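Heads up, the thing below is written out as structure tokens.
Keep in mind it's a predicted model, so treat the numbers as computed, not measured.
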Amino acid sequence: MNPTYIKEQFIQNLLIWYERNKRELAFRKDKNPYRIWISEIMAQQTRIETMIPYFERFIQKYPDVKSLSQADDDELMAMWQGLGYYSRARSLKKAAIMIMEEYDGVFPLKKEELKKLPGIGDYTAGAIASIAGRQKASAIDGNVIRVFSRLFEFGEDPGKASGKKQMTALVEAFLPEADLCGDFNQALMEIGALVCLPKSPSCSFCPLEKFCLSRKSGKQLEYPMKSIKKPRTIENREIWVIARESMENKKDHSHVSRASYDIKIQKRSEKGLLSGLFEFGEQKPQGKEYRVFDLGSYIHIFSHKEWHMNAKLAVISYEDSERLCQQTDSLQKKPDHAQFVPMDDIASVYALPTAFMPFFNRARKILNDQVNMNQSDSMTIQTIGLENEKDEFK
DNA sequence: AACCCGGGGTC
DNA sequence: GACCCAGGGTT
């Protein structure tokens, strides 16, 4: 058995399995470069099932490069709200503008050209070039790394530069002709997603079983080699959700059911964590009397840090709300205007990170209950416990 | 090379 | 709770 024969067998087994077992995914319907691109960016560090509904909505709103290049920034972030890694969305728009201006609106399909676009690295460039461009290119993601690490009992950390380089050479030694590379790459990923699972690989169903060294040794779970992660840092935060009755209520107090509240939000810095998204802030209202409700505590876990938050809801007067906006502006170096916006616009119009969502849901519930209550009493300070509200925290 | 950047499903 | 997901950018 010569090496060429082994490679042919490997490719044939893989591609036949793929044709029989691949999932019908929305972005596999055609080879449109724009849609392949959007799907690959959304799929970065994100499970396919999670990303599918975002993909459908995104394509509806931004059907092509041109519409994306003209997207409103806040609307774009709202479309991405909840997906995470928000710089992906900003890079998408930047790249769309580059494609319009530097490529005359024609999507580049060569790997080296694709890598010049923001948000497109080694993996994504290879995926687009091979799938949409039918070019000979590898696309090595976490799935491919796991599959090949196990196949050859790969002894280095593929996350490090040396290991990544060797892994690339190994995978590329198995690449078929250009026309088949798109399916080859997707097939390897599909094996990783459906068969060569991190904790319980189904080796007896694997078309590559007879090529797999770790299958023979029984050491599948020792690959890929993993490096030690540093522990997350913990930050404590005191969140103040500040609400006021919206102006509409004052004009029309005969219709209590139409009453609603505005909530103060401000834009986070354009750099760093959750950049460009909105938040409630940590400024306690001061001065006149206002009603306070306890919104409890919540721990939000990011990849690299944890926010341990406590939050309160303050309902203040319309007059105090305007002064508060000015105070908040003066506190910020680069003031993104603190503003009171209708409660129902939050998360749909103003992208709110998932980290704050539990507090927003609780505040909304409390405020809606307030609307349905007769507000004839003169209560000024009120605290509500959380005993029966745990469901609101997820 | 090390660090930063989200959120969610799964076991 | 630990793992890890169709990774990329910055320092």
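Within the 4.5 Å cutoff, the side chain of I120(A) has heavy atoms near those of the I128(A) side chain. Within the 4.5 Å cutoff, side-chain heavy atoms of L273(A) are placed close to those of H304(A).
Between the side chain of T124(A) and the backbone N or O of G121(A), no donor-acceptor pair lies under 3.5 Å. Checked by atom type and distance alone, the side chain of Q81(A) pairs as donor or acceptor with a backbone atom of L352(A) at under 3.5 Å. Side chain of R35(A) to backbone of N32(A): no donor-acceptor contact under 3.5 angstrom is found.
Atom CG in L274(A) sits roughly 9 Å away from atom C1' in dC5(B) (whole-Å rounding). Here the P atom of nucleotide dC5(B) and the CZ atom of F302(A) are 9 Å apart, to the nearest Å. We find that OH of Y298(A) is positioned 10 Å from C1' of dG8(B), with the value rounded to whole Å. Rounded to a whole Å, the CD atom of E306(A) is 15 Å from the C1' atom of dG8(B). Going from atom CG of L197(A) over to atom C1' of dT10(B) covers 11 Å, rounded to whole Å. Rounded to an integer number of Å, the gap from M51(A) CE to dG9(B) C1' is 16 Å. Protein atom CE of M42(A) is 17 Å distant from nucleotide atom C1' of dC5(B), rounded to whole Å. Note: CD1 (I228(A)) to P (dA2(B)) measures 10 Å, nearest angstrom.
Nucleotides of DNA chain C nearest to M189(A) and K115(A) differ in position, and the one nearer the 5' end is that of M189(A). Between S303(A) and K160(A), the residue anchored closer to the 5' end of DNA chain B is K160(A), taking for each the nucleotide with the nearest heavy atom. Checking T124(A) against R47(A), the closest nucleotide of DNA chain C that is more toward the 5' end is the one next to R47(A).
R232(A) comes within contact range of no nucleotide atom at all, as no heavy-atom separation falls under 4.0 Å. E190(A) comes within 4.0 angstrom of a nucleotide base, judged by non-hydrogen atoms across all strands. Within the nucleic acid shown, A139(A) has no heavy atom closer than 4.0 Å to any nucleic acid atom. Here T46(A) lies in heavy-atom contact (under 4.0 Å) with a base. If you check every strand for non-hydrogen atoms under 4.0 Å, R90(A) touches nothing. N185(A) comes within 4.0 angstrom of nothing in the nucleic acid, heavy atoms only. L277(A) comes within 4.0 angstrom of nothing in the nucleic acid, heavy atoms only. Within 4.0 Å of F27(A), counting heavy atoms only, lies at least one base atom of the nucleic acid.
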Just distance, no hydrogens or angles: give the donor-acceptor pairs under 3.5 Å from side chains in residues 180-195 of chain A, sequence neighbours left out.
{"unit_1": "N185(A)", "atom_1": "ND2", "unit_2": "S130(A)", "atom_2": "OG", "d": "3.0"}
{"unit_1": "N185(A)", "atom_1": "ND2", "unit_2": "A137(A)", "atom_2": "O", "d": "2.9"}
{"unit_1": "N185(A)", "atom_1": "ND2", "unit_2": "C181(A)", "atom_2": "O", "d": "3.3"}
{"unit_1": "Q186(A)", "atom_1": "OE1", "unit_2": "R28(A)", "atom_2": "NE", "d": "3.0"}
{"unit_1": "E190(A)", "atom_1": "OE1", "unit_2": "R23(A)", "atom_2": "NE", "d": "3.4"}
{"unit_1": "E190(A)", "atom_1": "OE1", "unit_2": "R23(A)", "atom_2": "NH2", "d": "2.8"}
{"unit_1": "E190(A)", "atom_1": "OE1", "unit_2": "R28(A)", "atom_2": "NH2", "d": "3.2"}
{"unit_1": "E190(A)", "atom_1": "OE2", "unit_2": "R23(A)", "atom_2": "N", "d": "2.9"}
{"unit_1": "E190(A)", "atom_1": "OE2", "unit_2": "R23(A)", "atom_2": "NE", "d": "3.0"}
{"unit_1": "E190(A)", "atom_1": "OE2", "unit_2": "R28(A)", "atom_2": "NH1", "d": "3.3"}

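Contact between the side-chain N/O atoms of H304(A) and the OP1/OP2 oxygens of dG6(B) is not found at any separation under 4.0 Å.
For F152(A) and F174(A), the distance between ring centers is under 6.0 angstrom. The aromatic ring centroids of F359(A) and F280(A) lie 6.0 Å or more from each other.
Between F27(A) atom CZ and I131(A) atom CD1 the span is 8.0 Å, to the nearest 0.5 Å.
Between the C1' atoms of dG8(C) and dG9(B), the separation comes to 22 Å (whole Å). dC11(B) and dA6(C) are spaced 14 Å apart, taking the P atom of each and rounding to whole Å. Taking atom P in both dG6(B) and dT11(C), one finds a spacing of 15 Å when rounded to whole Å. dC5(B) and dC4(C) have their P atoms separated by 22 Å, with the value rounded to a whole Å.
First and last contacts of DNA chain C with chain A, using any nucleotide atom under 4.0 Å from a protein heavy atom and ordered 5' to 3', fall at dC3(C) to dG9(C).
E40(A) and Y123(A) form a side-chain donor-acceptor contact under 3.5 Å, judged by distance and modelled atom types alone.
Against DNA chain B, the stretch residues 67-84 of chain A makes heavy-atom approaches under 4.0 Å through G82(A), L83(A), G84(A).
A salt bridge is absent between E153(A) and R150(A): the closest approach of a Lys/Arg side-chain nitrogen to an acidic carboxylate oxygen does not fall below 4.0 angstrom.
Contact of T354(A) with dG8(B) (side chain to base): no donor-acceptor pair of N or O atoms is detected under 3.5 Å.
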